[in-house]
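Taking it in order: structure first as structure tokens, then the write-up.
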Amino acid sequence: MNDEVLPRGGSAADAPSGAAPHATAVDAGDSGYQRGLKRRHLTMIAIGGSIGTGLFLGASGRMEIAGPSLAFVYIICGIFAFLVVRALGELVMYRPSSGAFVSYAREFMGEKGAYAVGWLYFLNWSTTVIADITAVALYMHFWAVFVPIPQWLLALTALAIVFAMNVASVKLFGEMEYWFAIIKVGAIAAFGVIGIFLVVTQTPVDGRTPGFQLITENGGFFPNGVGAMFVIALGVVFAFGGTEMVGVAAGESENPRAAIPRAVNSIMWRIVLFYAGSVILFTLLLPWNAYSGSESPFVTVMNSIGIPYAGDIMNVVVLTAAMSSLNAGLYATGRTLRSMAVAGTAPAFAKRLNASGAPYGGIMITAAIGVLGVGLNFVVPARAFDIVLNLAGIGIVGTWASIMVCHALYVRRTRRTGEGRPAYRLPFAPVTNAVTLVFLIGIVVLMALDAAVGQITLIVFAGVVILMVIGWFAVRGRINASAFTAAFSIPDAALVEQDQPGDVRPGDGQPRA
């Protein structure tokens, strides 16, 4: 749609004195779902969404490149991840939608924008699904009893199990994510307590005394130079992919406007504590070059401690993290594809819902991509994880950029029409939108400078873009214009207020006092 919102069933003139008209939209893609997610589900989805294979498996490979400076990269990228989700949180407060990014893009950028955003998000999660089933197979091979089983078969089994549970009901999905998140957070907390104890008591780990000397004696925080930090930036953005999941889940929650602020606000401290904190502990307990990209750093540390079965327990935890991410990927893409299918820009099969309100059509399409990932595990099992990681990273960058653009257009509309914004909002918008977009563009530029993997990834992505363009010309003639309508309504006074300190209007040049 255009920025102008046409009155439907009401107008700004109908508003009582003192109430700003509030533009709302109705997306047909949101119909048919069951609001089976409770507040505790939404909170734990937000917590667990940013804790997955990117931390539990990917941290080792990134430490091989950047050493202890990985902690700084986590913090920098984490700040921008928080800004993105904060912007998304405001959009959810304005209008919760299971279509999330696609639905917001449809409202603020038109159907062409919704098409691009939807397929970028599908690219993100479908490739992440491949990474997740690869991680599951690698984790299973930690135990000798599973070594004889081919990696591709373990990957296929994981995909089949999560697919069956995902199509059962949204409530089951919420319960799975709730307990997955509790296990992940509990394990990281326990690891933190053990790690701090070992450092404080100077208990040897694998024959080495823990402490800062393991950092200073092995090249310091930048053993491979400051430039190494930039090389891994895309991978770190991939690690934070999933934080935006809370926006999708909000559309099927009982009271999203009450749960979103708390869920989003907890993201920043989680990133600092879980990601940066874990990396610092890793490098205080063992030299950064003691970690291998083929094994979770948590497992490496626990095995080095010598506690019986410690490595086995931690491997169960990281296996849980991978299954959680896989579960979230099928959930998110199922909803995204259905929103697009209702509008005519995705296969009609993706519109199908089962009796439990689960969009099994879209979930099956993503699972089919996962089967291709099983083939990748069969052909190149040693490189499958790295091959898909960068493509997923590009999908995340595109999704995050779309959120910031949609939010900026939303803010611009509220300035022009006098429509009140939610009390929970992105601070200093649209300045924060612009800075975040510059950061995301910088990530792509840095990837282009990486001849080994980045340039190859961009070439592959160029092929994806060509396919998307061809696809647009194929579907634009069958777009269902009635799938999205807009109306003026009166805002909930408890949720909407006018300008707050720190808000920036275009042209103001400074925050409002």
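Numbering of residues begins at 1 and proceeds along the displayed sequence.
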Candidate pair Phe163 and Leu330, rule side chain to side chain contact (heavy atoms under 4.5 Å, CB included), full reasoning: CA-CA 7 Å; Phe163 170 79; Leu330 292 180; 4.3 Å; yes
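- Going from atom CG of Asn315 over to atom CE of Met302 covers 11.5 Å, rounded to the nearest 0.5 Å.
- With hydrogens and angles ignored, the 3.5 Å screen pairs a side-chain donor or acceptor of Thr283 with a backbone N or O of Val279.
- Closest non-hydrogen pair, Pro297 versus Met63, comes out as CB-CE, 4.2 Å.
- Here CG of Leu138 is found 4.5 Å from CD of Gln151. Values are rounded to the nearest 0.5 Å.
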I would like to know whether Arg338 and Leu353 meet side chain to side chain contact (heavy atoms under 4.5 Å, CB included); could you show each step before the answer? CA-CA 9 Å; Arg338 182 168 189 263; Leu353 294 172; 3.4 Å; yes
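- Not less than 6.0 angstrom separates the ring centroid of Phe240 from the ring centroid of Phe80.
- The distance from the CG atom of Leu326 to the CD1 atom of Ile130 is 11.0 Å, given to the nearest 0.5 Å.
- In terms of heavy atoms, Val167 sits closest to Asn354 at O-ND2, 2.6 Å.
- Inter-residue side-chain proximity for Glu64 and Asn289 is flagged as unmet; no heavy-atom pair is nearer than 4.5 Å.
- Shown here for Lys351 and Ala341, the closest heavy-atom pair between the two residues is CG-CB, 3.3 Å.
- A heavy-atom distance below 4.5 Å is not found between the side chains of Phe173 and Tyr178.
- Between Val117 and Phe122 the shortest side-chain heavy-atom distance does not fall below 4.5 Å.
- Using a 4.5 Å heavy-atom cutoff, the side chains of Asn303 and Phe142 are in contact.
- The backbone N or O of Gly344 lies less than 3.5 Å from a partner atom in the side chain of Arg478, making a donor-acceptor pair.
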For side chain to side chain contact (heavy atoms under 4.5 Å, CB included), just list the numbers for Val444 and Leu458, CA-CA rounded to whole Å, side-chain angles, deciding distance to a tenth of an Å, and then say yes or no. CA-CA 9 Å; Val444 177; Leu458 288 175; 4.2 Å; yes
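- A donor-acceptor contact shorter than 3.5 Å is absent between the side chain of Trp119 and the backbone of Ala114.
- The nearest pair of heavy atoms linking Ile403 to Ala87 is CG2-CB, 4.3 Å.
- With salt bridges taken as basic N to acidic carboxylate O contacts below 4.0 Å, one links Arg95 and Glu107.
- Exactly one of Tyr275, Trp288, Phe191 qualifies for a ring pair (Phe, Tyr, Trp, His ring centres under 6.0 Å) with Phe282. That residue is Phe191.
- Of all non-hydrogen atoms in Ile365 and Ala350, the two that sit nearest each other are CD1-CB, 4.0 Å.
- Between the side chain of Tyr115 and the backbone N or O of Trp472, at least one donor-acceptor pair lies under 3.5 Å.
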Check the pair Asp132, Ser325 against side-chain hydrogen bond (donor to acceptor under 3.5 Å, both in side chains), reporting the backbone distance first and the verdict last. CA-CA 7 Å; Asp132 288 332; Ser325 181; 2.7 Å; yes
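- Under the 3.5 Å distance criterion, with hydrogens and angles disregarded, a donor-acceptor pair is assigned to the side chains of Ser339 and Arg106.
- In this structure the side chain of Val136 never reaches within 4.5 angstrom of the side chain of Leu154, judged on heavy atoms.
- Under a cut-off of 6.0 angstrom, the local environment of CH2 in Trp179 is sparse, with at most 12 non-hydrogen atoms contributed by other residues, nucleotides or ligands.
- For the residue pair Ser324 and Lys184, a side-chain donor N or O sits within less than 3.5 Å of a side-chain acceptor on the partner.
- Ile65 CD1 to Asn224 CG: the interatomic distance, rounded to the nearest 0.5 Å, is 8.5 Å.
- Annotation: side chain of Tyr331 is not in contact with side chain of Ile363 (no heavy-atom distance under 4.5 Å).
- With a 4.5 Å cut-off on side-chain heavy atoms, Val301 and Leu281 do not count as touching.
- Here the straight-line distance linking atom OG1 of Thr366 with atom CG of Leu337 works out to 5.0 Å at 0.5 Å rounding.
- Proximity of Pro359 to Arg335: side-chain heavy atoms (C-beta onward) are separated by under 4.5 Å at one or more points.
- Remark: the backbone N or O of Ala332 is paired with a side-chain donor or acceptor of Thr336 at under 3.5 angstrom.
- One distance of note links CG of Leu437 with CE of Met404; it measures 6.5 Å at 0.5 Å rounding.
- Among all heavy-atom pairs drawn from Ile149 and His141, the shortest one is O-NE2, 2.8 Å.
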Chi angles and distances behind the side chain to side chain contact (heavy atoms under 4.5 Å, CB included) call for Asn327, Met323: CA-CA 6 Å; Asn327 186 41; Met323 294 290 281; over 6 Å; no
